[in-house]
**Q** 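One structure, as structure tokens, below. Some questions next.
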Amino acid sequence: MTARIIDGAAVAKKLRQDIAAEVAAKKLTPGLAVVLVGEDPASQVYVRNKGRAAEETGMKSWTHRMPVETTQDQLLAMVNQLNNDPDVHGILVQLPLPKQIDSQIIIAAIDPAKDVDGFHPVNAGRLNLSLPCFVPCTPQGSMILIREVEQNLAGKKAVVLGRSNIVGKPVAQLLLQADCTVTITHSRTKNLPEECRAADILVAAIGKPAFVKGDWVKPGAIVIDVGINRIDDTANPGKSKLVGDVDFAAASVHAGAITPVPGGVGPMTIACLLKNTMQSAAMKAGVA
Ligand code: NDP
């Protein structure tokens, strides 16, 4: 078997076009404010891509760059200013933050109605209660890609690798809401390969390059590789490349469908951020 490759870039492009059409039809001007503290190179790239994508869909976007020595109080003041700005519908504080800043305190200070990342305790709690909320972008994008392959997920066995607040837990919650039978695994899980082999849907979000081996994948399974890992490119000495948490070539032999890295979940994360920002603006305008 050779897996169908789920083209996240194409699905994300279509989603961005749909968002742009809805923004225009509803005469919205959604505003996304991104706060970047420090000079982390990966974060710089993410922030630049988010800003560009927002503008392409008819949104306003602002990037607030703050120095690496920014204090928690200074960042709280910035968040407060954005909470009170009527042109701002979505606030994203790029993680990770420098160590002098407690990210949970910052996330909790964001107005939940502008928390387009869906990380605020109010949105996380509402997700767990299956109430309307901002759904975190990467888990939301992962679900859209799963549904590209299979609409009816009821009764499927889903295994999630990783239990982080931003990926593992919310994606597990969404799979549960889709009536899957869900197992969440982590670094203390015993017999991880065995757990994975039972999965009709396998979502890997652990941050370890090519960790999931080909023979961990059940024949015909849907494999969603969330991992983004930069490693040395042995074919091009001195260069690096991005790989996922799944051994793509080996897993493709067994899987029914699989997301590549890059070009899988990554583009969906940004598209879902724009979707949440549009939703925030539409709610404020009373046209949601
Ligand atoms: P975290 O580091 O917060 O969480 C990693 C999780 O993996 C933890 O729950 C950890 O378990 C588990 N884990 C680590 N090692 C093992 C192991 N050997 N066996 C089983 N489980 C293990 O990572 P994130 O959730 O933030 O991110 C995961 C990956 O997804 C990263 O590569 C990140 O770059 C990528 N990512 C991609 C995004 C995208 O847009 N595509 C967005 C966000 C993240 P424990 O809890 O026990 O420590």
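All values below come from the heavy atoms of this structure, side chains included, with hydrogens, waters and symmetry mates left out.
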**Q** State whether a side-chain donor-acceptor pair under 3.5 Å links Ser164 with Lys169.
**A** no

**Q** Heavy-atom count check: over 12 atoms from other residues, nucleotides or ligands less than 6.0 Å from Lys26 NZ?
**A** yes

**Q** Under a single-linkage definition using a 4.5 Å side-chain heavy-atom cutoff for Ile, Leu, Val, Met, Phe, Trp and Tyr, are Val203 and Leu176 assigned to the same hydrophobic cluster?
**A** yes

**Q** Measure from the side-chain N and O atoms of Lys241 to the backbone N and O of Thr234, and report whether any donor-acceptor pair falls under 3.5 Å.
**A** no

**Q** Can you see which heavy atom on Val246 is nearest to which on Ala251, and at what distance?
**A** CG1-CB, 3.5 Å

**Q** To the nearest 0.5 angstrom, please state how far the CE atom of Met268 sits from the CD1 atom of Ile224.
**A** 9.5 Å

**Q** If you measure only the distance, is there a donor-acceptor pair under 3.5 Å linking the side chains of Arg16 and Thr57?
**A** no

**Q** Using a 4.5 Å cut-off on heavy atoms from C-beta on, say whether the side chain of Lys156 contacts that of Glu150.
**A** yes

**Q** Between the side chains of Thr185 and Glu195, is a donor N or O closer than 3.5 angstrom to an acceptor N or O?
**A** no

**Q** Around Lys275, counting heavy atoms of other residues, nucleotides and ligands shown, do more than 12 lie under 6.0 Å from its NZ?
**A** no

**Q** Might you point out which heavy atoms bring Pro121 and Ala108 nearest each other, and give the distance in Å?
**A** CD-CA, 4.3 Å

**Q** How far does CZ of Arg197 sit from NZ of Lys213, to the nearest 0.5 angstrom?
**A** 12.0 Å

**Q** Where is the tightest heavy-atom contact between Lys284 and Pro86, given as atom of each residue plus distance?
**A** NZ-O, 2.9 Å

**Q** So which atom in Gln177 and which in Ser130 form the shortest heavy-atom distance, rounded to 0.1 Å?
**A** NE2-OG, 3.4 Å

**Q** Look at the side-chain heavy atoms of Ile, Leu, Val, Met, Phe, Trp and Tyr, link any pair under 4.5 Å apart, and say whether Leu145 and Ile258 land in one connected group.
**A** no

**Q** Mind checking the SG-CZ spacing from Cys272 to Phe134? Nearest 0.5 Å is all I need.
**A** 13.0 Å

**Q** Would you check if Met278 and Leu28 make a side-chain contact, meaning some heavy-atom pair closer than 4.5 Å?
**A** yes

**Q** Are Tyr46 and Leu92 close enough, and set up right, to give a side-chain contact (heavy atoms from CB on, under 4.5 Å), and what steps lead you there?
**A** CA-CA 11 Å; Tyr46 294 145; Leu92 184 150; over 6 Å; no

**Q** Can you tell if the side chain of Leu174 reaches within under 4.5 Å of the side chain of Pro139, non-hydrogen atoms only?
**A** yes

**Q** Starting from the C-alpha separation in whole Å, work towards a yes-or-no answer on side chain to side chain donor-acceptor pair (under 3.5 Å) for Lys157 and Thr183.
**A** CA-CA 8 Å; Lys157 171 117 175 96; Thr183 301; 2.7 Å; yes

**Q** Could you tell me if Gln100 and Gln72 have a donor-acceptor pair between their side chains, going purely by distance under 3.5 Å?
**A** no

**Q** Tell me, do Val88 and Trp62 make a side-chain contact under 4.5 Å, heavy atoms counted?
**A** yes

**Q** For side-chain contact (heavy atoms from CB on, under 4.5 Å), just list the numbers for Ile91 and Val34, CA-CA rounded to whole Å, side-chain angles, deciding distance to a tenth of an Å, and then say yes or no.
**A** CA-CA 6 Å; Ile91 301 170; Val34 179; over 6 Å; no

**Q** Answer yes or no: is there a donor N or O on one side and an acceptor on the other, between the side chain of Asn123 and the main chain of Cys133, under 3.5 Å?
**A** no

**Q** Between atom CD1 of Ile110 and atom CD1 of Ile106, what is the distance when rounded to the nearest 0.5 Å?
**A** 8.0 Å

**Q** Side chain of Lys218, backbone of Ala199: donor and acceptor closer than 3.5 Å?
**A** no

**Q** Can you tell me if Asp245 uses its side chain to pair, donor with acceptor, with the backbone of Lys208 under 3.5 Å?
**A** yes

**Q** Closer than 3.5 angstrom, by distance alone: can the side chain of Asp232 be matched with the main-chain N or O of Ser240 as a donor-acceptor pair?
**A** no

**Q** Applying a strict under-4.5 Å side-chain criterion to I, L, V, M, F, W and Y, I'd like to know whether Val243 and Val261 cluster together.
**A** no

**Q** Where do His89 and Thr29 come nearest, in terms of heavy atoms and distance?
**A** CE1-O, 3.4 Å

**Q** Please check: side-chain N/O of Asp102 versus main-chain N/O of Gln104, any donor-acceptor pairing under 3.5 Å?
**A** yes

**Q** Side-chain contact, heavy-atom cut-off 4.5 Å: Cys196 with Leu161?
**A** yes

**Q** Given side-chain contact (heavy atoms from CB on, under 4.5 Å), test Met66 with Met78 step by step and report yes or no.
**A** CA-CA 10 Å; Met66 303 180 78; Met78 170 63 79; 4.1 Å; yes

**Q** State plainly whether one hydrophobic cluster holds both Ile107 and Val93, where clusters connect Ile, Leu, Val, Met, Phe, Trp and Tyr through side-chain heavy atoms under 4.5 angstrom apart.
**A** yes

**Q** Quick check: does any side chain N or O of Asp7 sit under 3.5 Å from a backbone N or O of Ala10, one acting as donor and the other as acceptor?
**A** yes

**Q** Run the side-chain contact (heavy atoms from CB on, under 4.5 Å) test on Arg147 and Leu153 for me, step by step, so that the C-alpha distance in whole Å, both residues' side-chain angles and the decisive distance to 0.1 Å come before the verdict.
**A** CA-CA 8 Å; Arg147 287 207 161 92; Leu153 304 182; 4.2 Å; yes

**Q** Spell out, yes or no, whether Phe248 and Ile6 are grouped together once hydrophobic residues are joined by side-chain heavy atoms under 4.5 Å, including indirect joins.
**A** no

**Q** Hey, does Leu75 have a side-chain heavy atom less than 4.5 Å from the side chain of Leu97?
**A** yes

**Q** Could you tell me if the side chain of Leu175 sits less than 4.5 Å from the side chain of Val160, heavy atoms only?
**A** yes

**Q** Can you see which heavy atom on Thr181 is nearest to which on Gly155, and at what distance?
**A** OG1-O, 4.5 Å

**Q** Could you tell me whether a side-chain N or O of Thr71 sits under 3.5 Å from a main-chain N or O of Gln74, the two making a donor and an acceptor?
**A** yes

**Q** Tell me, do Ile222 and Leu202 make a side-chain contact under 4.5 Å, heavy atoms counted?
**A** no

**Q** Test your reading of the model: is there a side-chain donor-acceptor pair from Asn276 to the backbone of Val116, 3.5 Å cut-off?
**A** yes

**Q** Measure the CG-CD distance between Asn49 and Gln44 for me, rounded to the nearest 0.5 Å.
**A** 11.5 Å

**Q** Is it true that Gln94 and Asp40 share a donor-acceptor pair across their side chains at a distance under 3.5 Å?
**A** no

**Q** For the atom pair SG (Cys180) and CD1 (Ile201), what is the distance rounded to the nearest 0.5 Å?
**A** 4.0 Å

**Q** Could you tell me whether the side chain of Asp247 and the main chain of Gly214 form a donor-acceptor pair under 3.5 Å?
**A** no

